[in-house]
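Read through the structure below, which is laid out as structure tokens, and then see the notes.
Numbering of ligands and ligand atoms starts at 1, following listing order.
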Amino acid sequence: MVAGELRDALGVDGSPTDGGVEFVADLGVLWSAVSTLRTPESIRVRIASFVASDFDTLSARLARAPWHAYLAGRDANVRVVCHKSKLYHSGAVEERARAALAATRLPHKPGADVHIRLSHDRVTVSVDATGEPAHRRGLRDRIVPGAMRETLAAAAIRAAGLGAVSSVWDPFCGAGTLGFEWLAAAAQLPTFGARELAMERWPSVRGSLPARVAYEPSVAASATASRGLRWYGADRSVAAVAAACANAEALGVGAACLVATGDFEVCANSVPDGTAVFSNLPYGKRVTGGVDDSLRRLGQLLRRRPDLRPAVFVHAHEDLAVRLGIPGERLASFSNRGIRVHLTRFTS
Ligand SMILES: C[S@@+](CC[C@H](N)C(=O)[O-])C[C@H]1O[C@@H](n2cnc3c(N)ncnc32)[C@H](O)[C@@H]1O
């Protein structure tokens with residue numbers, strides 16, 4: 001999904017790897033990727049790659065890395081992962097990296113995160129360009145148990161194929177993450193607020209990066225209004241609804257959101273015909289009872305209201321289509337906080 005966004009948004013072909021996507025970019029494309037993509041957690045720049053099976057080679061090569069271009073200070077967080085390498089002691093590798101940083105004569109101040117990975121004796125050194133992980137975009141400040149990461153919500157929206165619908169209902173909305181990410185995607189709102197991204201602190205580019213458009217609640221309000229976007233949320237938890245409403249106000253999209261407290265089936269009465277459904281269903285592990293009943297009633301509702309389509313769910317139920325009693329298409333499977341979940345789309 002990250003590779004897809006990279007290609008669609010920036011025209012860059014990346015290679016999916018285990019847990020990431022590798023791509024080659026000039027500074028301008030890198031900046032666009034860091035400041036506008038919605039699905040990656042973070043983007044790192046590989047500043048060195050070499051083979052080292054002893055500490056002398058490791059130290060010598062680390063000393064030659066172009067730290068000055070990326071680090072404003074030498075108190076960087078250094079994270080090391082060793083995998084099937086002769087140098088297997090991550091603490092000792094980190095020590096060598098700290099020595100290399102100390103030798104740079106950079107001032108002592110907190111810098112960026114440095115990631116060192118050893119795999120089969122190949123050492124890759126990367127510097128974080130995003131800063132705080134993107135799932136802490138800081139735009140949605142209230143969450144509830146079971147809240148989704150914004151990055152995962154953004155990926156699910158890309159894969160869901162909701163099309164150009166102008167209204168969406170989330171019957172189990174929690175703090176509203178899916179709704180806000182849908183509104184942001186549909187109204188083409190900026191990914192980040194005013195917080196500084198790590199790349200903006202790099203000495204080599206500071207002051208020379210093109211200006212970035214930051215998320216602005218008043219702009220979000222007019223962009224969602226002019227497109228006639230409407231998001232309906234429902235949750236039986238009063239605390240969840242309070243969080244969703246507070247988030248909507250903070251994001252400037254309060255007027256585009258209608259959030260109801262109560263059981264989804266009752267709340268469905270105020271959802272207009274032709275509204276798409278997009279929701280993260282309650283997980284069995286989290287809800288002590290009633291999930292089976294909720295799914296059975298959700299199936300009845302969807303069969304009674306064929307206008308509520310497409311209906312797309314992030315869920316942990318292998319047999320969701322059977323439980324709902326309607327045929328569905330599984331679009332993707334992935335891990336959400338350690339739970340195996342699926343994205344399934346119902347159109348009939
Ligand atoms: C997995 S969480 C949704 C999290 C949400 N996507 C977010 O990011 O915050 C499921 C939510 O469903 C709500 N819920 C469970 N059963 C419900 C029911 N019968 N009617 C309405 N809400 C219900 C729970 O209170 C919980 O907030």
Side-chain angles (χ1 to χ4, degrees), residues 38-39 41 133-160 162 168-185 231-251 253 257-271 275-302 304-305 308 311-317 320 323-324 332 334-344:
R38 309 192 74 84
T39 57
E41 283 288 309
H135 77 267
R136 286 188 225 125
R137 284 175 189 147
L139 299 176
R140 174 198 68 165
D141 57 7
R142 300 242 225 133
I143 57 166
V144 297
M148 257 189 142
R149 293 177 168 201
E150 287 99 324
T151 42
L152 197 56
I157 285 159
R158 284 186 54 79
L162 291 176
V168 169
W169 179 44
D170 184 342
F172 306 93
C173 73
T177 320
L178 282 174
F180 303 134
E181 283 297 319
W182 168 70
L183 284 170
W231 178 70
Y232 299 86
D235 203 294
R236 66 179 179 191
S237 151
V238 174
V241 171
C245 291
N247 286 330
E249 288 308 320
L251 290 164
V253 296
C257 299
L258 208 74
V259 191
T261 312
D263 183 78
F264 72 90
E265 208 174 346
V266 178
C267 298
N269 294 334
S270 50
V271 178
T275 299
V277 182
F278 191 34
S279 191
N280 176 200
L281 299 180
Y283 293 49
K285 274 188 189 160
R286 226 167 253 130
V287 184
T288 41
V291 172
D292 290 347
D293 176 58
S294 288
L295 292 184
R296 188 182 50 75
R297 291 188 295 114
L298 179 63
Q300 283 171 351
L301 172 71
L302 291 174
R304 209 166 52 238
R305 295 273 309 263
L308 298 177
V312 184
F313 300 107
V314 177
H315 64 94
H317 309 283
L320 185 66
R323 282 164 174 255
L324 296 183
F334 46 90
S335 158
N336 181 24
R337 299 177 194 275
I339 300 175
R340 185 85 185 143
V341 295
H342 313 287
L343 185 71
T344 306

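- Annotation for ligand 1: atoms under 4.0 Å from non-hydrogen atoms of Ser237 are 25 (O).
- Listed by number with element, the atoms of ligand 1 under 4.0 Å from a non-hydrogen atom of Met148 are 7 (C), 8 (O).
- Here Ser294 has side-chain heavy atoms under 4.0 Å from ligand 1, and that is the only part of it that gets that close.
- Only the side chain of Val144 comes within 4.0 Å of ligand 1, counting heavy atoms alone; its backbone N, CA, C and O stay farther away.
- For Arg323, the salt bridge (Lys or Arg N to Asp or Glu O under 4.0 Å) criterion is met by Asp292, Asp319, not counting sequence neighbours.
- With His342 contributing its side chain and Thr344 its backbone, the two residues share no donor-acceptor pair below 3.5 Å.
- Numbered from 1 in the order shown, with element, the atoms of ligand 1 that lie under 4.0 Å from a heavy atom of Phe264 read 18 (C), 19 (N), 20 (N), 21 (C).
- When each atom of ligand 1 is checked for a heavy atom of Pro171 under 4.0 Å away, the hits are 21 (C), 22 (N).
- Using a distance-only test at 3.5 Å, with no hydrogens or angles considered, no donor-acceptor pair links the side chain of Arg149 to the main chain of Glu41.
- Aromatic rings of Phe278 and Trp169 (six-membered ring for Trp) have centroids beyond the 6.0 Å cut-off, not under it.
- Atoms of ligand 1 lying under 4.0 Å from at least one heavy atom of Thr177, given by number and element, are 7 (C), 8 (O), 9 (O).
- Counting heavy atoms closer than 4.0 Å to ligand 1, residue Ala153 contributes nothing at all.
- For the atom pair Leu152 CG and Thr39 OG1, the distance stands at 10.0 Å (nearest 0.5 Å).
- Of the charged side-chain nitrogens involved, none lies within less than 4.0 Å of a carboxylate oxygen, so that Arg38 and Glu150 do not count as a salt-bridged pair.
- Counting only distance, with no hydrogens or angles, the side chain of Asp235 and the backbone of Gly174 share a donor-acceptor pair below 3.5 Å.
- Numbered from 1 in the order shown, with element, the atoms of ligand 1 that lie under 4.0 Å from a heavy atom of Ala175 read 7 (C), 9 (O).
- Interface of Gly262 with ligand 1, defined as ligand atoms under 4.0 Å from a residue heavy atom, comprises 20 (N), 21 (C).
- The closest side-chain heavy-atom distance from Asn247 to Phe180 is below 4.5 Å.
- Short contacts between ligand 1 and Asp263, defined as distances under 4.0 Å to a heavy atom of the residue, involve ligand atoms 18 (C), 19 (N), 20 (N).
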